[in-house]
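A, B, ... follow the sequence lines: proteins, then strands. Residue 1 opens every chain.
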Amino acid sequence: MESLHKMLVITQLARELAARGSWCGETHLQKATYLLQEIAGVDTGFEFVLYRHGPFSFDLRDQLTYLRGLGLLELQPQEIPYGPKLLPTDSAQALAQKLPRTLARYQSQITFAADAVRDRSVAELEPLATALYFTKQSGFPKAVSARAEKISEVKPHISRDRGRRAVGEVDKLIESAKKLKATTRN
Amino acid sequence: MATRIFDVVTRPENVAPKAKALLSELSSSDTVAYWRRVLRMAALCHDMGHLPFSHAAEFLLPEGTTHETISAAIIRSDAMKNIWNAMTPPLRADDVVKLALGPKEAKGMQFSAWQAILAEIIVGDAFGADRMDYLLRDSYHAGVAYGRFDHYRLIDTLRILPSPPREKNVGGDGAESGVELGVEHGGLHSAEALMLARYFMYSQLYYHCVRRIYNVHLADFLTNWLPGGKFTTAVDAFLKLSDNEVNAAIGEAARNKNKKGHDAARRIVTRDHFRLVYERNPEDVKINPEAGKAVYAALVKELGKGTVHHDFLPPKGGAPEFPIRMNDGRIASSAAVSETLSKLPVPSVDFVFADNTVAAAARDFIEKSRNDILNVEEN
């Protein structure tokens, strides 16, 4: 993906999250981008590794800092004790206006990822994204129990039941994304 | 420095109950002693894979290789394995690699919560010993005072703390699950001083335009001088090539027109470096976020490729956010507590340079055609 388009996709994702009243901190943007890439099929090119709150991309972290440096995202501190939000600026809106066709190309996938993340807390996103991580890992058993067990193994604070629920949610999201992709193609 | 941090954060009276519960390793003195030694060795080995002149010409490594992968190869080499095996108890080379590289660079290795914290002590964005060490060392050697900060006070107040709440509850349970390196409230100003030192060092020293252009000329020289235009990754040969060998070669090539890399070497030795003709600025970014790239492309069309250079280096790492234990015991995000940190600018590099002979023409051209150059056209 061209770098300018990547800027547009990430800032638009932040805009869509904020518009839905979702918390829009780094963790939410990380997980939303992961879903955008792995389920909605937008190849942002970020490499995700299993980290503190599930799949995490250090490249995406760099990109978010870059976007802040350019003035396309701004760090908005919140009341004590909460972490900051990352919100798009007027310059990000101006960029979207300059690239209408690119925005149209990715809009439905961005909407899908923002909808999937919107009402979930960081604690809920962690099992969901971790379930997706093992679901997408090539050669990993597809059985719900195997994936749930693996989640509990690498994240001992996530119970097997919670892992099982997360796997179910991921499978549902993957199913809905198939419809999305079919619609996008048509 | 890394060992000092380790000793402070693992001291029983400093460990938060949640950290104790999550990090079972802390309850075994043998385990703590083993990892203390691994951490110390990892900190010492972290930069072993640095090339001559560190990061300047890292792109001349073969595809898929970085200085971190070379560090890992050296740590796993037979010579180093002999050292690990001679220790009591012996150290596992892979444990040293994990902590030396951290989760970002140790591709394919999974980190437990304990290993992630220990790696953070060395390579962490906020309080990594590597970062603290290079700021202090570089400011000393460069003769600038703004890289200094009270690292004694900072280290004394570092703690392993629960992650701060990153959101107000949005549906469901908003509790955080992990632990991170953070500070007691009393260390906040020292932490701010570290982040400010980092900002000043990057914006005034590491990213100074003249320092950056010498990177470019050095890389140009190495491209011509190295066999095949690339660094070797064979550990023995790699370790034989230091700044000294490269400095001697630059001197020789600068004096002899027939030597490979003569032009770049001459530029370095005689200070005939390319001149800065454009630097990205906030006004231009509003028109085109990739302003430097656009200016470079326009100048290449106008003046030809060999006389201009685009130097672009996006920032690395995240926002300076970490947990703080407030005086009332609550854990809070640094972004909520410190106005200074939440407003810290992000330094980066987006320069266009031109040969001295065409620099004035380049500046004139940019001034006259700025709007056309920066215009974003959708494909």
Taking every heavy-atom pair that is under 4.5 Å apart, which of Asp59(A), Thr102(A), Thr65(A) has the most such pairs with chain B? Thr65(A)

Which atoms of Ile331(B) approach chain A - backbone, side chain, both or neither, heavy atom under 4.5 Å: backbone

Run the ring pair (Phe, Tyr, Trp, His ring centres under 6.0 Å) check on Phe322(B) and Phe127(B) step by step: do they pass? CA-CA 9 Å; Phe322(B) 48 86; Phe127(B) 303 118; 4.7 Å; yes

Testing the 3.5 Å rule here: is there a donor-acceptor pair between the side chains of His157(A) and Glu126(A)? yes

Side chain proximity check, Leu70(A) to Ser91(A), heavy atoms < 4.5 angstrom: no

Tell me, please, whether Tyr66(A) has Arg68(A) positioned over its six-membered ring: NZ or CZ under 6.0 Å from the ring centre and within 45 degrees of its axis? no

Distance flag, aromatic centroids of Phe351(B) and Tyr207(B), threshold under 6.0 Å: no

Please classify the contact of Ser3(A) with chain B as side chain, backbone, both or neither, using a heavy-atom distance under 4.5 Å. both

Chain A contact via Lys107(B) - which portion, at a heavy-atom distance below 4.5 Å: side chain

Is the positively charged end of Lys6(A) above the ring of Phe46(A), judged by distance under 6.0 angstrom from the centroid and angle within 45° of the axis? yes

Give a yes/no verdict on a cation-pi contact between Lys150(A) and Phe140(A), requiring under 6.0 Å between NZ or CZ and the six-membered ring centre and an angle within 45° of the axis. no

Top of Lys85(A), Glu26(A), His5(A), Glu47(A) for chain B proximity - count of heavy-atom pairs under 4.5 angstrom: Glu47(A)

Under 4.5 Å to a heavy atom of chain B? For Leu99(A) that would be both

Look at Lys172(A) together with Glu175(A) and state whether they make a salt bridge at an N to O cut-off of under 4.0 Å. no

So which of Leu75(A), Leu4(A), Leu50(A) has the largest heavy-atom pair count under 4.5 angstrom toward chain B? Leu4(A)

Are Gln115(B) and Trp35(B) packed together at the side-chain level, in the sense that at least one heavy-atom pair is separated by less than 4.5 angstrom? yes

Under 4.5 Å from any heavy atom of chain A, what part of Glu120(B) do you find: side chain, backbone, both or neither? side chain

Residue from Pro345(B), Pro347(B), Gly318(B), Ser334(B) scoring the most non-hydrogen pairs under 4.5 Å with chain A is Gly318(B)

Part of Gln78(A) within contact of chain B (heavy atom distance under 4.5 Å): backbone

If you tally heavy-atom pairs under 4.5 Å against chain B, which of Lys98(A), Glu74(A), Glu2(A) wins? Lys98(A)

For chain B, the option from Gly71(A), Cys24(A), Gly69(A) that forms the most heavy-atom pairs under 4.5 Å: Gly69(A)

Proximity breakdown for Leu72(A) and chain B, heavy-atom pairs closer than 4.5 Å: side chain

Side chain from CB out, backbone as N, CA, C, O: work out which of these in Ser348(B) comes under 4.5 Å of a heavy atom of chain A, or both, or neither. neither

Roughly how far, to the nearest 0.5 Å, is the OH atom of Tyr296(B) from the NE2 atom of His310(B)? 9.0 Å

Salt bridge present between Arg165(A) and Glu169(A) (N-O < 4.0 angstrom): no

Counting only non-hydrogen atoms closer than 4.5 Å, does Glu377(B) touch chain A with its backbone (N, CA, C, O), its side chain (CB onward), both, or neither? neither

Residue part contacting chain A, namely of Asp125(B), when any heavy atom lies under 4.5 Å: side chain

Is the gap between the ring centers of Tyr202(B) and Phe200(B) under 6.0 Å? no

Where on Pro282(B) is there a heavy atom nearer than 4.5 Å to chain A: the side chain, the backbone, both, or neither? neither

What part of Pro156(A) lies closer than 4.5 angstrom to a heavy atom of chain B: side chain, backbone, both or neither? neither

Answer key: most heavy-atom pairs under 4.5 Å with chain A among Pro314(B), Pro315(B), Ala116(B), Ala113(B) is Pro315(B)

Among Leu64(A), Val49(A), Ile80(A), Thr27(A), the residue with the most heavy-atom pairs under 4.5 Å to chain B is Ile80(A)

